[in-house]
Structure formats: C-alpha cells, structure tokens
Student: 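Have a look at this one.
Note on naming: letters A, B, ... go to the chains in the order of the sequence lines (proteins, then strands), and numbering restarts at 1 for each one.
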Amino acid sequence: MSYSIKQVYQRLHKHHGAQDWWPGDTPFEIMVGAILTQNTAWSNVEKAITNLKASDCLDAAAIVALQHDELAQMLRPSGYFNIKSKRLQAFCEWLLAQGGEQSVAEYETEAMRQALLQVYGVGPETADDIVLYAFHRPVFVIDAYTRRIFSRLGIISGDESYEALRGLFEATLKGKAALYNEYHALIVIHGKEVCRVKPQCHVCALKDKCSYISKP
DNA sequence: ACCCAGGGTCATA
DNA sequence: TATGACCATGGG
C-alpha cells in the first residue's frame with residue numbers, strides 16, 4: 001500500500017519542515033532564477049545571480065542593454081551561458097514590452113501562463129515557476145523530481161504529459177498557491193538531499209523503508 | 001574520470 | 001507526435 005499524493009506531502013513537510021521558497025529577494029530575481037536553473041544545479045545559478053548583482057544588472061532594462069557576450073560571461077557559472085544569455089534577454093524584452101511586472105500581474109492565471117509560454121526559452125516548468133513563485137498563483141509545478149518520486153511510488157507512470165500531471169496534482173490537492181509553493185519546494189529539497197545524495201533513499205526506490213517519508 | 005543537475009529548442013521522420 | 005542532438009559549468 002503506497003502513500004497518496006496528500007500523504008506524501010504530509011510526510012515531506014514533517015521531515016523537512018517549511019521551505020519558504022523561492023530563494024530570491026524580489027519577484028524579478030525569482031524570474032531570473034527560474035530561467036537560469038533550467039537543467040542546472042542551483043548552486044551554479046547563485047554564482048551567476050551574484051555576478052549580475054555585483055554589476056548592478058539584476059534589472060530588466062540593464063540586462064537588455066548588455067551585449068550578448070557581456071551577459072553570457074556573467075551567466076557563465078550557471079552553464080549553457082550562450083543560450084541562457086539569449087533566453088534571459090528575450091524574457092526581459094518581453095517583460096519590458098508588457099510594461100513590467102505590475103502589468104503582467106494583471107493577467108488571469110491561465111492567460112499569464114499562456115503569455116509566458118510564448119516567450120523564447122520559457123517552457124512549461126519555467127513558466128509555472130514564475131507564475132507560482134513570482135506571482136503567487138495556484139499552479140502546481142511539475143519537474144523531473146516529481147516524475148521520479150511519484151513514478152517510483154507507483155502513483156504515476158512518469159511519461160504523462162506535463163499538463164496531465166499538473167492537472168492530476170491540482171485536482172487532487174485543490175490547493176491554494178501557498179500549498180503548491182510548499183509542496184514543490186519540498187519535492188525539490190527531498191530530491192536534492194535524499195534521492196540523489198543518498199541513492200539508497202527509499203522514497204523513490206523502496207518506498208516503505210524511506211527514513212524521510214515512509215517511517216511514521 | 002564519470003555522472004548529472006529545480007529544461008527548452010530545433011531538426012528530423 | 002515523438003524521439004534525439006544540442007547547449008556547458010561545477011560538485012559529488
């Protein structure tokens with residue numbers, strides 16, 4: 001007998017505590033982080049954001065004004081720096097064209113997602129990171145950890161579409177933004193601290209023996 | 001020395 | 001629509 005989606009949340013929260021995500025002081029920093037962390041360890045993203053801050057460039061207008069190569073060098077530690085330089089500038093161009101964060105905040109949630117998905121370099125997960133963590137809207141973010149954990153728990157097959165999984169989690173939890181915020185954060189923290197660092201973690205592999213999830 | 005990270009785009013069939 | 005190549009640094 002495996003745990004339900006709700007029960008997994010209870011256990012993650014009990015063992016890891018409140019995460020109070022996303023790391024970042026401002027909505028804009030959160031959005032930048034969402035793009036830079038694509039398929040990249042967060043520790044590397046922090047170095048790139050530090051570079052941007054040091055050059056006083058953590059600002060849409062400043063980023064757009066930079067030369068591509070100049071920005072790429074600041075993003076270097078976060079990997080894929082040429083592509084991310086292009087993506088980050090495309091995103092900042094879009095943000096400025098929208099009229100800034102305040103204007104984006106006027107979108108209804110689904111319209112906001114769709115608008116973000118049109119931006120070069122912004123896919124479903126990045127869009128939902130922004131919608132949830134920068135704008136506090138109730139969308140459940142699906143990432144590789146989510147697929148890994150819940151497929152190993154036997155709750156999903158793992159090859160469902162992004163939208164199918166988002167629909168499943170949102171329909172099951174019927175939660176508010178604060179719950180989705182916390183749950184996704186817990187999944188990532190658990191994935192980082194347990195699933196990868198401790199390969200013997202049994203949330204994923206041996207369910208009933210995981211010291212973080214399965215023991216009461 | 002190898003593996004893979006809090007993905008997304010693009011070309012090809 | 002469904003795969004595969006590609007992007008690239010840094011920590012384990």
Side-chain angles (χ1 to χ4, degrees), chain A residues 8-9 12-13 16 18-24 27 29-52 68-94 113-135 139-152 156-166 169 177 180-201 203-205 212:
Chain A
V8 170
Y9 174 78
L12 285 171
H13 191 273
H16 295 285
Q19 299 304 308
D20 197 26
W21 258 24
W22 177 291
E29 185 175 340
I30 290 168
M31 297 189 263
V32 170
I35 292 169
L36 296 185
T37 199
Q38 291 169 356
N39 202 40
T40 300
W42 181 256
S43 56
N44 288 351
V45 176
E46 287 182 314
K47 300 180 206 292
I49 290 180
T50 296
N51 289 343
L52 290 171
H68 168 86
D69 290 343
E70 207 173 353
L71 178 57
Q73 285 314 305
M74 291 192 238
L75 302 185
R76 194 170 185 277
S78 73
Y80 304 136
F81 51 83
N82 285 314
I83 268 193
K84 284 177 178 173
S85 176
K86 189 175 164 188
R87 290 181 183 177
L88 189 53
Q89 287 193 313
F91 175 77
C92 290
E93 298 263 13
W94 172 82
R113 293 186 75 249
Q114 293 307 318
L116 282 162
L117 288 171
Q118 301 307 310
V119 182
Y120 172 80
V122 178
E125 184 180 338
T126 305
D128 287 344
D129 279 338
I130 292 171
V131 170
L132 176 60
Y133 291 103
F135 293 98
V139 295
F140 195 95
V141 178
I142 304 297
D143 67 345
Y145 288 133
T146 312
R147 290 179 188 276
R148 186 186 307 167
I149 293 173
F150 289 94
S151 64
R152 289 179 182 176
I156 63 175
S157 71
D159 58 359
E160 294 91 342
S161 71
Y162 183 94
E163 282 304 300
L165 289 177
R166 186 170 73 88
F169 279 83
Y180 297 155
N181 176 322
E182 189 63 20
Y183 203 159
H184 176 65
L186 285 166
I187 286 170
V188 174
I189 291 300
H190 185 76
K192 278 168 40 171
E193 296 187 355
V194 183
C195 296
R196 196 168 76 82
V197 178
K198 301 178 182 175
Q200 75 276 23
C201 169
V203 174
C204 307
Y212 286 80

Student: Nucleotide by nucleotide, 5' to 3', does protein get under 4.0 Å of the base (B), only the sugar-phosphate (S), or neither (-) in nucleotides 7-13 of chain B, counting heavy atoms?
Tutor: BBSS---

Student: Within the pair Lys192(A) and dC4(B), is there a side-chain N or O less than 4.0 Å away from OP1 or OP2?
Tutor: no

Student: Going by ring pair (Phe, Tyr, Trp, His ring centres under 6.0 Å), name the residues that satisfy it together with Phe91(A), two or more places apart in sequence or in a different chain.
Tutor: Trp94(A)

Student: Quick one: list whatever passes ring pair (Phe, Tyr, Trp, His ring centres under 6.0 Å) with Tyr183(A), sequence neighbours left out.
Tutor: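 Checked Tyr183(A) against ring pair (Phe, Tyr, Trp, His ring centres under 6.0 Å); matches are Tyr9(A), Phe140(A).
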
Student: Which string of ( ) [ ] | and . matches DNA chain B, if you list each base 5' to 3' and count Watson-Crick or G-U pairs only when both distances are under 3.5 Å?
Tutor: .||||.|||||||

Student: Listing request: all salt bridge (charged side-chain N to carboxylate O under 4.0 Å, His left out) pairs with a residue in residues 34-43 of chain A, at least two apart in sequence or in separate chains.
Tutor: none

Student: Taking only residues two or more places apart in sequence or in another chain, which ones pass side chain to side chain donor-acceptor pair (under 3.5 Å) with Asp129(A)?
Tutor: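 Testing Asp129(A) for side chain to side chain donor-acceptor pair (under 3.5 Å), a comparison that skips the adjacent residues, returns none.
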
Student: Compute whether any side-chain donor of one residue and acceptor of the other, for Asp143(A) and Thr146(A), lie under 3.5 angstrom apart.
Tutor: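 Yes, side-chain donor-acceptor contact under 3.5 Å.
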
Student: Who are the ring pair (Phe, Tyr, Trp, His ring centres under 6.0 Å) partners of Tyr80(A), not counting sequence neighbours?
Tutor: none

Student: When you measure from the side-chain N and O atoms of Asn44(A) to the phosphate of dA5(B), is any distance below 4.0 Å, counting only OP1 and OP2?
Tutor: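 Negative; the distance criterion is not met.
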
Student: Once you round it to whole Å, what is the distance between C1' of dT9(C) and CE of Met74(A)?
Tutor: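 Answer to the nearest Å: 17 Å.
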
Student: Using atom P of each nucleotide, how far apart are dA1(B) and dA8(C) to the nearest Å?
Tutor: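 To the nearest whole Å, 23 Å.
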
Student: List for me each residue that meets side chain to side chain donor-acceptor pair (under 3.5 Å) alongside Asp159(A), sequence neighbours excluded, and say none if there are none.
Tutor: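 Partners of Asp159(A) by the side chain to side chain donor-acceptor pair (under 3.5 Å) criterion, ordered by chain and then number, come out as Ser157(A).
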
Student: So Lys47(A), base contact, sugar-phosphate only, or nothing? Heavy-atom distance under 4.0 Å.
Tutor: sugar-phosphate

Student: His68(A): what forms a ring pair (Phe, Tyr, Trp, His ring centres under 6.0 Å) with it, not counting sequence neighbours?
Tutor: none

Student: Could you check whether Asp129(A) gets within reach of a base, just the sugar-phosphate, or nothing at all, counting any heavy atom under 4.0 Å?
Tutor: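 Nothing, no heavy atom under 4.0 Å.
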
